[in-house]
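All chains are named by letter (A, B, ...) in the order of the sequence lines, taking the proteins before the strands, and each is independently numbered beginning at 1.
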Amino acid sequence: MARAANARDRRATGRAHAEFHRALRPQTEDSGYTVLGIRPCRRIFSLESMNPTRYKRSFRRNPFRNRCVLLVLLLGLASAVPAVSPSDPADTRTQDLFLDVASAVGLDFLHFNGMSGEHYYCEMVGGGAALFDYDNDGDLDIFLVQGNILGPGKTMKDMLFPPKGSLPVRARLYRNDLDTTSHQLEFTDVTEQSRINAQGYGMGVAAADIDNDGWIDLYMTNFGSNQMWRNRGDGTFVEITQASGTNDSRWSVSAAFVDYDRDGWLDLFVGNYVNFSFTNRKRCFAGSGAEDYCGPLAYEPVPNRLFHNRKDGTFEDVTAESQVGREFNGALGVVSADFNGDGWLDVYVANDQRANDLWINQRNGTFKNEALLAGCAFNKDGIPESSMGVDAGDFDNDGDEDLLVTNLKGEKITLYMNDGKGWFEDRSFEANLAIASKPFTGFGTGFFDFDNDGWLDIVTANGEVRTIEGLARAKDPYPLHQRKQLFRNLGNGRYEEISSRAGTAFELSEVGRGVSFGDVDNDGDVDLLIANNNGPARLLLNQSGNRQHWIGLRMVGRTVNRDMLGSRLAITLPHGQTLWRRVHSDGSYGSSSDPRVLVGIGKATRVSIVRAYWASGHVEEWKDLQSNCYQTLREGTGVLRTAR
Amino acid sequence: MMIVLLLESTFWIAEAHENDTVLSGSPSLTVSQPSSAQPQLAPVPHPNLERLEPLVRRQIQSAQNELNTLTKNKLAAAGQLAIAYGELGKLYQAYDFVEAALVCYENAQALAPEDYRWNYYLAHLYQGEGRLDKASDYLKRALEKRPDDTAAVLKLAAICFDQNDSGVAETLFQRVAKLNGRSAPALAGLGRIELSRKQFDRAVRYFEAALEVDPGASSLHYPLAMAYRNLGDAQKAQIHLSKTGQVKAQIPDPLIEELQGLKKGRLPLWFQGNEAMQAGRFAEAAEAYRQMSDSDPSDPMARMYYGTALAQAGNTNEAIQQFVQALRQAPQNAGLHYNLGIVLLQRGSEVESLKHFQAAVDSDPSFKQANFQLANLSMRHGRFADSEQSYARVIQQEPANSFARLMQVMALVRLKRYPEARRLLDDGLKALPNDPDLTHALARLLAACPLKSVRDGRRALELSQKLLKAEKNLDFERVQTLSMAMAEVGQFDQATQLLRSVTAKLKQLQRSDLSRLLEGQLVLFEQGKASRVPWRDDDPVFFPVPGSLMLITPQQLSPMQAGAAN
């Protein structure tokens, strides 16, 4: 509690405090949502009304669903509702918190890693997944990255795990056919119709609207040449890799779209890994003498790339000018956020077994790596960790972006707490994350408020990179699998592992890699899409998050219907407590998430103020927003505030 | 008394007792227990020994057999059996069969709870597995038997700290510090505790003290830097950040060291050698690699490891012998050629070493270090086209290598490919803005290039002035370039005046060698002519001098470089 008190104190004395008070000045513009550009409260779908037999489980009706009208009547009671506080763990003990519905809803994707017993380094590194609304119908579609046959001269006959799904082996796009009438969640494989023919050896994916046409495009990172797919807006995509100038033939895993120069167009940061190839391949051995996968130090890291959006569908490689090519340490995870609170987007790069990078935006088109002094290059002992997945978020609700990094077994999940100025402290042990995560090798991860209590929880998809002795002895053909982990934020700077209560999906031992976050069934809580290496994709539907109140916000541009990635939101609740969230699709591991901001507000029934710090630098706000529904806030339709 | 073992083919003890099976076809089988009143023992997993070297396999099998014999011996004492389990556990641990080792130690500990060792090894393994509760329990048991065991106390203290019990951790670290006031790990532990308590000044004192005791513990510079950072002393923080490494404060740990001595075969020797190399213990590494090489003299890789360690240890004659012999066995081995080239270069045999760098690059064109050395030597020996290409390959792999960028331009200058040189300098400055050497080279080229289309006097002047302003000490070459730029824009009087004053100063400093270089230029400027020679052919820039020559360690080599594919 002392931690929370500190957080409140800091908030009260910081910039946020001043702005909060400015926001309290009487406004005349808050009379109607139309004026403010907010769509009428619209619940699109509720999970409970889906055909229960499809999921072999019945669902308790959510008392808050579709009750916007009722809630308006209850606004007067808001003062009796306390500010957000961690949910009572007792609430979550009665049923599985998540339920895997992948196969039930038509998500039949099986990852193929092309392994043939050669221990090619790249075969256990992919892949990622994306949740994005490619057809603009208001629900999240799914893109899953696929591997392929690996190795010179190898054919399907050499494969230890031949693909079981439909051929050719390639990345898959699944359309969400969420039916608002029958309320059924169903996915349809539309890869063929979409004309996405991604047959490279896929690693990850980043999704965003690169040309401001209102349709989300895809950038695929590969072991081999990356690919940019432009969404034509008619259900099809066209490859524009060469034309857009975004090709990178080096081994890339994670990428992030970031408007680093505030010009309203998304630029692209591509994290590149190491120079492994079939010709420079090394053979590595476990202590027992058995051949095993090599680690990253066996190879040279290769430089990351930064592509500047020229606003005409093409990009310019500004790696050199921007300085981000100066230091590179084998990137696996990339996340962009304003870490030092100066209003400009920075980039944090999680590097495998070498120092992580914190590229601070110098506001002139260049970046400077300040990770060392900032305290987020190494763990608290000054040792580089095997960083893989990464996310940024305000876990302690003090108004700044903290960092979360997953690492190798024997290391831990590392939680870097931001002091508000962009200096970090490794608080993994204090936060009670380290010990529980030490036996696991973590990949995809993210801060997300699974129970809508206003505090950011954590999930990790785990899976080893070196043979697990016991599994190998048991003749397991792919002895790298581990279970996933879920950590609940206790609201006092500490977490509690609740994997055992999270559902059978969390008991499954798989080689977890990418995790994508988003409200797939639009029911007001965050669901998880897990990409497993050499295994099936999992769609974990959140079963209980919407028992608490929430607000869903889509932040779009002034003139373009594009998600304004990188913008920050200050959501002030009736009691004055402010939650900070960021519009983003990046982070995790080779994955792309729902760019809508779903904010759990606990027992609060309305939001007093939403203040947007747009990536462009403008600040504006909206007042008195209803809870338990999604709303679109368009830049320029709120009340303008002092820009930074 | 009988014990129950699971009937599973992977459990070797079950296999060993097949003949004792009482309940054939049953999911479990019973075997005779060696002596009375013994605790229930867990079946030991049977690791796959197929991939081990025969020597190692025999070593483990021998320990397995010993245990097997004892378990069949009904008269065997619990203590004897505990030792047999424990010794097998040590072997499993030494060869990374952690799971099997854990079961062995658990059994040994159950049979002989008074034996300190099994508790300690269990704690060590559980700590490595991230199971800190178990590690902590076993350490406490170990400490009941040996309360003053420093390694155990330090381990327990570290675990307590990780478990957020900084009070107990502090007491334990202080206990070690009392026993041994110069224990770097204890001092470092106390520093960490103070850092977490935000007592930064106290943290600084502890870390400084730890580093005084163990200056090689480079990882301590990082938390020390963080403490200074939080005290607001950014300068000291930066100093310590620049010294940060990965070497931890050493904890004397005889039981774990004992495990190293158990390892047999070539692979453990290889690991041992690698570890010693990484820690800079080159003589120890050489000894491990020598044994590895002796065990199979036909293996060129082992010779290469041995030669590299010898060279690092300063024994270049023996290193050369090993490399030469290995090259007879693997003539295409890029790594061998490279390291031999380095050793020869260290001895001043440039022509010979150039041949070996060339051979290394021929075998592997992407070999960055070989390309770099080849480029430098080619430059020194006037092979500018070769040099330019080699530098280009280096830059491709290491875009931030400003030296390679500069030298590539210099090679182009000697080849009179001035427009390319200018373009590369512009590109270089985009990638490495404000790099003083690249800025200077560009200014010089813009001021004095023989090609008019390349020259740009105004920009040259601007760059030169900016450079001189940014640098604290006046550099002779930089001033010369400024005078060239002045002359190019027609400021002959200023250029002349500047050169005169510099010449006078150089004479004063008795550097007539340098002043002579300027005199010819002075005459030109006095005649109202600008320079058209950006660099004289004998300019030292065209003769890069080998600096610190880094051998490449075998672990850094790709198979092509290391010749594993041979």
Okay, S219(B) and chain A: the region with an atom under 4.5 Å from a heavy atom over there is both

With a 4.5 angstrom heavy-atom cut-off, is it the side chain or the backbone of P433(B) that approaches chain A, or both, or neither? both

Just checking, any donor-acceptor pair under 3.5 angstrom between side chains of N272(A) and S252(A)? yes

Interface moiety of R494(A) toward chain B, non-hydrogen atoms closer than 4.5 Å: side chain

Between R229(B), H221(B), Q246(B), who has the most heavy-atom pairs with chain A when the cutoff is under 4.5 Å? R229(B)

Can you tell me how far the CD atom of Q485(A) sits from the CD1 atom of I413(A), to the nearest 0.5 Å? 5.5 Å

At a heavy-atom separation under 4.5 Å, does D162(B) approach chain A through its side chain, its backbone, both, or neither? both

Check each atom of E50(B) against the heavy atoms of chain A and say whether the ones under 4.5 Å are side chain, backbone, both or neither. neither

Give, as side chain, backbone, both or neither, the part of P303(A) having an atom under 4.5 angstrom from any heavy atom of chain B. side chain

Between atom CZ of R354(A) and atom OG of S387(A), what is the distance when rounded to the nearest 0.5 Å? 12.0 Å

Give, as side chain, backbone, both or neither, the part of A100(B) having an atom under 4.5 angstrom from any heavy atom of chain A. both

Checking K248(B) against chain A: side chain, backbone, both or neither under 4.5 Å from a heavy atom? side chain

Basic-acidic side-chain contact under 4.0 Å: R281(A), E118(A): yes

Region of L432(B) that comes under 4.5 Å of a non-hydrogen atom in chain A: both

Where do R473(A) and E99(B) land on the salt bridge (Lys or Arg N to Asp or Glu O under 4.0 Å) test, with the steps shown first? CA-CA 10 Å; R473(A) 202 184 54 253; E99(B) 203 178 336; 3.3 Å; yes

Examine whether an atom of K380(A) lies under 4.5 Å from a heavy atom of chain B, and if so say whether it belongs to the side chain, the backbone or both; otherwise answer neither. both

Below 4.5 Å from any heavy atom of chain A, which atoms of A400(B) appear? Answer side chain, backbone, both or neither. side chain

Step by step, would you call R405(B) with D427(B) a salt bridge (Lys or Arg N to Asp or Glu O under 4.0 Å)? CA-CA 9 Å; R405(B) 283 184 183 273; D427(B) 287 350; over 6 Å; no

Region of F328(A) in contact with chain B, defined by heavy-atom distances below 4.5 Å: side chain

Steps toward salt bridge (Lys or Arg N to Asp or Glu O under 4.0 Å) verdict (K430(B), D426(B)): CA-CA 6 Å; K430(B) 269 187 194 168; D426(B) 280 328; over 6 Å; no

Under 4.5 Å from any heavy atom of chain A - which part of F97(B): both

Heavy-atom cut-off 4.5 Å, strictly under: side chain, backbone, both or neither for V98(B) against chain A? both

Side-chain donor-acceptor contact under 3.5 Å, T414(A) with K412(A): yes

Which one of D96(B), L224(B), N164(B) has the most heavy-atom pairs closer than 4.5 Å to chain A? N164(B)

Interface moiety of L373(A) toward chain B, non-hydrogen atoms closer than 4.5 Å: both

Which bit of F424(A) is near chain B, if near means a heavy-atom gap under 4.5 Å: side chain, backbone, both or neither? backbone

Under a plain distance cut-off of 3.5 Å, with no hydrogens placed, do D357(A) and N369(A) share a side-chain donor-acceptor pair? yes

Charged N-O contact under 4.0 Å between R483(A) and E497(A): yes

Max heavy-atom pair count under 4.5 Å with chain B, selected residue of G470(A), C284(A), G325(A), G410(A): G470(A)

What I want to check is whether the side chains of N280(A) and Y299(A) have a donor and an acceptor closer together than 3.5 Å. no

Rounded distance (nearest 0.5 Å) linking atom CZ of F271(B) with atom NZ of K263(B): 7.5 Å

